[in-house]
Structure formats: structure tokens, C-alpha cells
Amino acid sequence: MALSDLIDHRESTELLDEFAKREIRRATLAAVAIPGYQVPFGSREMPVARGWGSGGLQITLAVVHDDDTVKVIDQGDDDGVNAVNLRRLVTSSTGADESSIASEATLTQSRHRIPEDGLDETSILVLQVPVPEPLRGVERDMRELARMHGEADYSRMWLSLYEDKVRNGVITQTTGYPCLVNGRYVVATTPIPRWDIPRLHDAPFLTLFGAGREKRIYAIPPYTMVEPLTFEDVPFEVENSDGACCALCGKSESFLVSLPNSTTWLCSDTDWCARQRPAT
Amino acid sequence: MRLSTLTSKESTLVFRALLTAFAFPGRVSQLPRELVARMPALCLPMLALTDIETTMCAPDQPELQAEIATITGARTVASREAQFVMHDAMPTDETTLNLHRGTTYQPELGCRLVVAWNVPTVPAVPPLPDSTQLRLSGPGVVSGTTLTVNSASAAFLAARSVANSRPPMGIDCWLVSATGEVIGLPRTTHIAAMSFAGSVPGKN
Amino acid sequence: MGYVSARGGLDAIRAAEKLVRTKRLVSDSNWLEEEQILDKLRLLVDRVMGEAGLWEPQLASKAIRQSEGDATEAVHLLRAYRSTLPRLTYSEATDVDDAQVMRRIVPAFQRVPGNQLLGRSVDYTARFLERTADADAREEAEKLRGAERGIVEEKSPPAEEISPRRLIDLLRDMDMLIDRRRTDDPEPFDITRTPARPPAPRSALLSSMSRADTGALVNQWYRNILGPDGYLHEVTLGEVRHATLPLNVRHPVSGDVVTVSHIRVSEVEAIEDLEGIDEDRTRFDVGYGLCFGHNERKAIAMANLDIACHRDAGKTQLEQSLLLTTDALDSAGFLEHLKLPHYVTFRSMIERKLAVRKMRSNEASAHDGA
């Protein structure tokens with residue numbers, strides 16, 4: 001008898017074995033119990049490359065079963081190739097249904113946006129995280145980073161924001177604005193725009209953050225304090241569009257992205273946009 | 001053996017109930033009823049979450065402890081070292097205070113405690129003589145969430161507060177009833193006594 | 001189909017997949033068999049297994065064919081497959097002295113017990129590119145094959161040569177080696193289960209390097225050990241080996257230790273001179289390198305970096321570099337993720353630039369007005 005006879009050769013569609021899922025689940029539970037803390041986990045290699053959503057995908061695969069409905073977006077778009085690729089991997093390996101409507105989805109996996117509406121207490125939001133370490137810009141040594149988070153010593157972060165403001169007149173942080181969660185840990189909010197930051201605070205939904213390459217999971221539970229780091233006399237600013245409207249739906253209430261001509265604007269959340277337009 | 005291996009889907013369903021319980025502390029989640037009909041609900045969290053790479057302990061129930069270890073492969077260790085601990089009644093203060101709380105740099109090493117919960121969570125009107133109402137607060141807690149407990153449970157919750165007195169270290173708990181209702185109390189949930197018994201119960 | 005700010009969706013992906021698959025499988029040249037890859041590109045197969053951390057030459061050759069020769073892509077295929085496999089059991093620890101060597105040299109001494117066995121290596125062949133026409137090269141190979149058939153198998157070399165005593169044992173006999181052997185037996189760190197960060201146990205460092213990208217380790221060596229960038233370590237190589245090792249497990253029923261397979265490894269011991277101010281100048285220390293297959297440059301780099309890291313003792317970020325920047329998939333994957341749409345961030349960047357300009361022009365006009 002050969003060793004290979006012991007292995008079940010039936011073709012499995014599963015991307016993760018049962019042990020991997022349990023490990024991810026234990027890490028996720030720890031993350032929810034310690035809001036904002038980056039929980040290490042044994043991140044497995046996935047059919048998508050590191051940096052392309054392997055962490056978000058692992059969380060989704062560990063959480064989802066075949067009664068779930070899954071929405072996957074990239075830059076707010078359900079139809080982007082990367083979102084399509086991830087969504088078909090999830091639905092084909094778990095049997096879950098798919099939807100582009102956030103209110104119909106029990107789980108939304110997203111790269112760089114929070115859906116404009118539709119997330120409630122029954123929703124789980126999974127954000128793909130390229131760099132889970134919010135302090136990397138001010139410190140490279142991981143031993144020192146562990147100390148800074150362990151002792152809640154974020155003074156260097158505050159200093160760099162202050163220097164930014166002094167040098168440039170405004171805080172020039174673009175997306176992934178650093179926020180203090182539950183008054184304790186500073187987190188990297190992934191490259192979601194500042195537009196989306198206020199919706200993390202006191203949200204009805206659970207947000208899970210998956211960093212596959214750096215092998216960390218963190219979470220913001222529902223109804224949790226999320227405060228963007230800023231100064232008393234420097235109000236937090238979301239992206240300004242000078243009153244531009246979407247060329248497709250005509251609305252200005254959603255996060256807009258522009259064409260290179262910078263005069264044509266479109267909703268980044270394509271499903272929200274489609275629902276604003278009367279059905280033809 | 002009373003217990004059996006959970007299927008992949010069963011493990012997922014149990015996990016989801018436990019996740020929701022932590023995400024919304026104080027709110028009742030339900031473990032899958034078909035599973036609760038077949039085996040003790042108290043065992044389901046360990047059966048779903050543990051494996052060969054975890055440690056566990058069920059000091060009051062050595063037979064169930066052995067069954068769980070056989071099924072999941074989890075290693076049995078002393079309660080103070082275990083990542084998962086199960087009790088079929090409120091643990092003593094000494095037990096609770098000795099559970100692993102993690103460290104400042106590794107708070108995730110804090111113990112997950114599963115405790116049998118026999119007290120009805122909906123406050124009776126008029127309140128039962130041995131009951132206290134407690135107010136919950138913290139991440140995930142909807143304002144106004146309360147918990148009605150008897151004195152044994154109140155004592156346990158007081159010990160739990162001590163174990164959680166130096167955040168981010170602490171222990172995370174699930175209270176599981178015989179019918180599979182789960183209440184999650186992650187370490188971030190603060191529990192405080194409300195007004196004296198006899199007042200009109202707040203809404204849950 | 002096209003990228004078009006990544007719209008196009010499912011149709012685009014399917015069309016791209018079909019194009020890649022068709023171009024890969026359908027061509028005028030002959031079918032590339034797995035046996036050919038195993039046989040004729042053995043060093044690529046060994047490198048890919050080493051970087052994937054998965055010993056299965058047949059699967060590695062499939063991966064190389066599917067990736068059209070992109071080693072990192074082949075590594076990704078193997079590792080993703082590995083993620084679907086449950087862990088059956090743990091092997092018994094293998095004593096590397098149970099190795100049977102096919103090649104073994106010891107640069108530190110001219111003569112050694114068990115002899116210098118040059119073996120199959122290109123080290124001393126002249127690097128002349130053979131430009132023979134394809135058909136002629138093939139004919140020559142056929143003639144050689146005919147000649148080889150007549151040769152009688154030599155009798156096998158003496159045991160002392162197959163399993164020679166390693167140099168550091170001899171150095172210990174000479175009392176020339178610092179003794180860092182442990183008396184305890186800690187569980188090895190499992191990097192596939194727990195992410196390693198500094199400060200990490202030596203087993204985490206060694207297993208990370210064993211599975212590292214070959215080019216990354218060579219570059220780390222060139223930058224930190226002996227090169228234009230880093231500071232000098234006086235390292236002499238002890239053992240440089242290409243050997244087979246048995247893979248042993250405990251039988252589930254009888255409890256006996258059973259050899260279920262063999263693997264091939266490259267193994268290196270690097271002898272460090274220790275010229276630091278607070279180091280023992282009367283003895284040597286040693287660094288260790290081990291990786292799957294025949295990949296000497298990786299094992300040599302690994303051994304050098306092992307002892308360098310020990311000597312560094314956390315003074316620099318060398319340990320962090322080795323643990324965290326040498327994985328093929330982490331580095332290449334993250335690099336290539338830049339091809340994904342980033343227009344939300346880009347739009348936010350443009351907005352901040354305009355905000356800074358507006359702030360400056362407001363300040364300027366306020367200044368003018370004063």
C-alpha cells in the first residue's frame with residue numbers, strides 16, 4: 001500500500017482544509033474580542049496572489065456557508081475583473097449565492113470601498129488589506145512596532161500628522177486614514193477613502209480586515225468607537241468634489257471618481273448608482 | 001460516545017452563532033437546533049473550534065473532555081494553560097481568576113471560556129427574589145442591553161470583571177443554555193449593576 | 001476584451017483564461033512531457049520544490065509546464081495546492097548523519113575523512129555555450145546513450161564515503177568549535193501555521209530561509225555578508241553536500257519507525273571565524289543551511305546568513321529582513337498587485353494635492369491682503 005492510497009482523491013472544490021478554516025475562525029473571534037488589534041494567523045496560500053486579496057478571501061471562505069449570499073466589489077465595482085475572479089472562487093467553492101445589492105448580501109468582501117448603503121446588523125463586511133500596519137510610515141522595525149501597539153504609544157504617529165499639517169497646511173493622508181478603535185488600538189483602515197471612514201464609527205455591521213500577506217486579521221465590532229486621528233482645531237476632511245454629480249445617475253451623494261479629464265465624474269459604487277437610475 | 005465530529009457546514013453554523021454572539025454581546029444567538037437535539041449544546045463550541053493545534057480543558061466533565069479530545073485532536077491541559085475551557089456550572093472565583101488572560105503584547109492568548117447558563121435571560125415580572133439586573137456596555141452592545149442573573153452568576157461575572165481589569169488582556173466567554181441559546185461576553189463588555197431589584201426591568 | 005479600468009467582468013476573465021490555456025497547450029512544437037521536465041530541467045524542478053516547501057517532483061514538473069517556465073508562478077501553484085491538503089501526521093526527526101551523499105566537498109581542508117567527492121557539478125566545467133545545431137546535438141546524445149549501455153555498474157563506494165563524518169565533528173574533536181548544542185528539545189517553529197516575527201527562534205529563521213526565494217537569499221548574502229554593500233564575515237565552508245535523506249514516520253498500528261520515502265537535499269555548514277570584539281577569538285562558530293533538491297547557492301547563502309544572524313543578535317534588522325522579505329510569493333505577489341485598479345486612492349491623492357494648493361493660495365492672498 002502506498003502513502004497516496006490513504007488520501008481521498010475525490011476532487012474537492014474546497015480551497016482551504018478544515019484545519020485552516022478553524023484557525024482563521026479562532027483568529028477572527030480573537031479579533032472581535034480585541035477591537036483593532038492585529039491577530040496573527042497561519043495565512044495559507046490561495047489561488048489568488050499575495051496582495052490580491054488572499055487575506056480577505058480566507059476570512060470569507062472561513063465564514064461563509066451555502067445559505068449565504070455574497071457580494072464582492074473592487075473600488076466599489078461588482079464587475080471589476082478582480083472582484084469577479086474572487087466572487088466566482090467563493091461561490092464555486094462554498095455554494096453561496098451572489099448578489100450585487102449590499103442589502104441582499106449576508107457577507108460583502110471589498111477592496112478599497114464600503115458600499116454606500118445596505119449594510120445592517122445582519123451584514124458582515126470583509127475588507128482586503130494590503131498593509132495592516134498603520135505605523136509603518138514612522139517605524140520599520142517590527143519589534144518597536146509591537147512595543148508601540150502593546151504600550152499604546154502612538155506619539156510618533158501624532159507627530160508625523162502634526163508635521164504634515166505644518167508643512168502642507170492640511171493633513172495630506174489620502175486613503176486608509178489611521179483611526180483609533182475603541183479608544184485603544186490605531187488601525188490601518190485599508191485604502192478606503194476618507195469618505196467611508198465616518199461609516200466605520202458606531203456602525204450596525206461587523207467589519208473584518210484580512211491581511212493575507214502579512215498574516216494578520218483585525219476587526220471593528222458593530223457599535224464601536226472609531227476616531228480618525230486628527231487635532232482639535234483640524235477637522236477631519238473627506239474628499240471634496242466641488243459639488244460634482246455623477247454623469248450616469250446625476251447624484252452627488254456618493255463617493256465619485258473622475259475620468260482623466262477631471263470634469264466627468266462617476267459613482268464609484270456602481271450598484272448604488274444603478275439603483276438611482278429609473279429602470280428602463 | 002455521545003458526541004460526534006461536526007461536518008464542515010455544522011462547524012460553520014456553530015462558528016457563525018458564536019461570532020454573532022461576540023459581535024453583539026448580551027444578545028441571544030441560537031446554535032443549530034438539529035445539533036442541540038443530538039448532543040449537549042455546551043460541547044458545540046469546542047467541537048466546532050478546536051483541533052490538533054489547540055489546548056482545552058473541561059475539568060468538571062472528564063468523560064466529555066476525553067470525547068472532545070478524541071474527536072477534535074485538541075490537547076488536554078490544566079485549566080490555567082488551556083485556550084478553551086468548559087464548565088457545566090459557574091466556575092469558582094479561583095478558577096476564573098487563574099484562566100490565561102494573554103499578555104499585553106499577545107492579548108489573543110486569553111482563554112475562551114464556555115459556561116453552562118441556566119438562568120432565563122428575560123427578566124421575570126415581578127423579578128425573582130434571587131435575581132439582579134445588570135447593564136451591559138462596550139463594543140457591539142446596543143444601548144439598553146441588560147442581563148438578569150442569579151447570585152451565583154453575579155459572582156462569576158464579578159470575577160470575570162477582575163480577570164478583564166487590565167485591557168487588552170482578559171478572557172472571552174460564551175454562556176450556553178441546554179437548548180442552545182448563546183450569549184457572548186467578550187472581554188470588552190463591561191457589566192455594571194443597575195438599580196435595586198424590584199424596579200421595572202429595562203428592555204433587553 | 002481588455003482591461004478598460006478593469007470593467008469587462010466575467011467575459012473578460014474567461015476570454016483571458018481561454019487565451020492563456022490555448023496558447024499554452026496548442027502549438028506546432030511537440031508536447032512537453034512531465035518526464036522531460038523532470039529529467040532535463042531537474043535543477044529548475046528542485047528549485048521550485050524548495051521554494052514551494054513541497055517535495056513532489058512530479059507535481060513540480062506539472063507546475064513548471066503550466067506556468068510556462070515562470071518559477072515563481074509554479075511555486076504559487078504548488079503552495080495553493082498544498083493549502084487544500086489536510087495534514088496527515090508529523091514525521092520523525094531525521095538525523096542528517098543518516099544522509100547518503102552523492103556529492104560532498106569540504107573547502108576548509110585539503111583532505112578529509114570520507115574524501116572530497118566532486119560529483120555532479122558544473123563548478124569546474126568551462127562555461128562554453130554549446131552552439132551545435134539541434135539535430136546534431138540530438139544525434140550525439142543518441143550515440144552516447146548507445147555507448148553507456150555497454151558499461152558495467154561500478155561497485156558502490158565504501159560506507160565511509162557515502163555517509164562521511166561531518167567536519168564539525170572533527171572540529172569538535174580538535175576543540176575548535178563553540179558548542180551551541182541544546183540539551184532541551186523545543187518544538188520546532190511551524191512557519192506554515194504561525195507567522196514568524198522578530199525576535200524568533202532559530203528554527204523559524206532556518207525554515208523561512210529553507211523555503212525562501214533563491215534569488216532573494218543570494219541577494220541578502222551579497223548585501224550583508226560579502227559584497228559591495230555589507231560588512232565582511234570571514235566564512236569558510238565546511239560541508240557542502242548533495243545527499244538523500246530518509247523520510248520516517250511512526251506506523252499508526254505497530255508504533256515502529258518506518259521509512260516511507262526519501263528526499264534529496266543540499267546541505268551546507270559554514271565555519272565562521274569570529275573576529276568581533278566580544279566574541280571568543282579562540283574558536284569557530286558554525287552556520288547551517290538546508291534546502292530541498294540540488295540548490296547549492298541557496299544552501300550556502302542560508303548557512304552564511306544563519307551564523308550572521310546569530311552574531312548580529314538583534315543589533316540590526318537582519319533577522320526581520322530574512323524572516324519577512326525573502327518569500328517568493330509575498331514579494332512578487334505584492335509587487336504585481338500594483339497592476340490592480342487603484343483609482344479610488346488615486347482620486348483621493350489628486351484631491352489632497354488640490355487641497356494643499358488651495359491652502360497655499362489662501363495663505364498667499366491673506367498675506368498679500370495684510
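In the text below, chain A, chain B and the rest are named by the order of the sequence lines, each starting its count at 1. Treat the numbers as computed from the prediction; the structure is a model and nothing was measured.
- With a threshold of 4.5 angstrom between heavy atoms, A/F19 approaches chain B through its backbone and through its side chain.
- The part of A/V39 that comes within reach of chain B is its side chain, from C-beta onward, which places non-hydrogen atoms under 4.5 angstrom from that chain.
- Closest approach of A/R22 and B/S11 over heavy atoms only: NH2-OG, 3.1 Å.
- Proximity to chain B (any heavy atom under 4.5 Å) is restricted, for A/A62, to the backbone atoms N, CA, C and O.
- Rounding to the nearest 0.5 Å gives a distance of 4.0 Å between CD1 of A/I34 and CZ of B/R187.
- The residues B/D51 and A/R25 are annotated as not salt-bridged, no charged nitrogen and carboxylate oxygen being separated by less than 4.0 angstrom.
- Nearest heavy-atom pair across A/L29 and B/F22 is O-CD2, 3.8 Å.
- When all heavy atoms are compared, the tightest approach of B/P168 to A/Y185 is CG-OH, 3.2 Å.
- In this structure, the portion of B/T54 lying under 4.5 Å from any heavy atom of chain A is its side chain and not its backbone.
- Side-chain atoms of B/T188 and A/N182, non-hydrogen and from C-beta on, do get closer than 4.5 Å to each other.
- For a residue to count as touching a neighbouring chain, one of its non-hydrogen atoms must lie under 4.5 Å from one of that chain's; by this rule A/D17 does not touch chain B.
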Legend entry - Full working for side chain to side chain contact (heavy atoms under 4.5 Å, CB included) between A/R26 and B/F84: CA-CA 11 Å; A/R26 292 192 295 263; B/F84 287 85; 3.8 Å; yes
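- The contact between A/I124 and chain B is made entirely by side chain atoms (from C-beta outward), counting heavy-atom distances below 4.5 Å.
- At least one side-chain heavy atom of B/F24 sits less than 4.5 Å from a side-chain heavy atom of A/P222.
- When heavy atoms are compared at a cutoff of 4.5 Å, A/L206 approaches chain B solely by way of its side chain, counted from C-beta outward.
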Inset, instruction - Start with the C-alpha gap between B/R16 and A/D67, add the side-chain angles, then the distance that decides, and say whether salt bridge (Lys or Arg N to Asp or Glu O under 4.0 Å) holds. - result: CA-CA 12 Å; B/R16 289 290 283 277; A/D67 294 329; over 6 Å; no
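- The two residues B/P139 and A/T224 have their closest heavy-atom pair at CB-OG1, 3.3 Å.
- With no hydrogens or angles considered, a side-chain donor-acceptor pair links A/K21 and B/S8 at under 3.5 Å.
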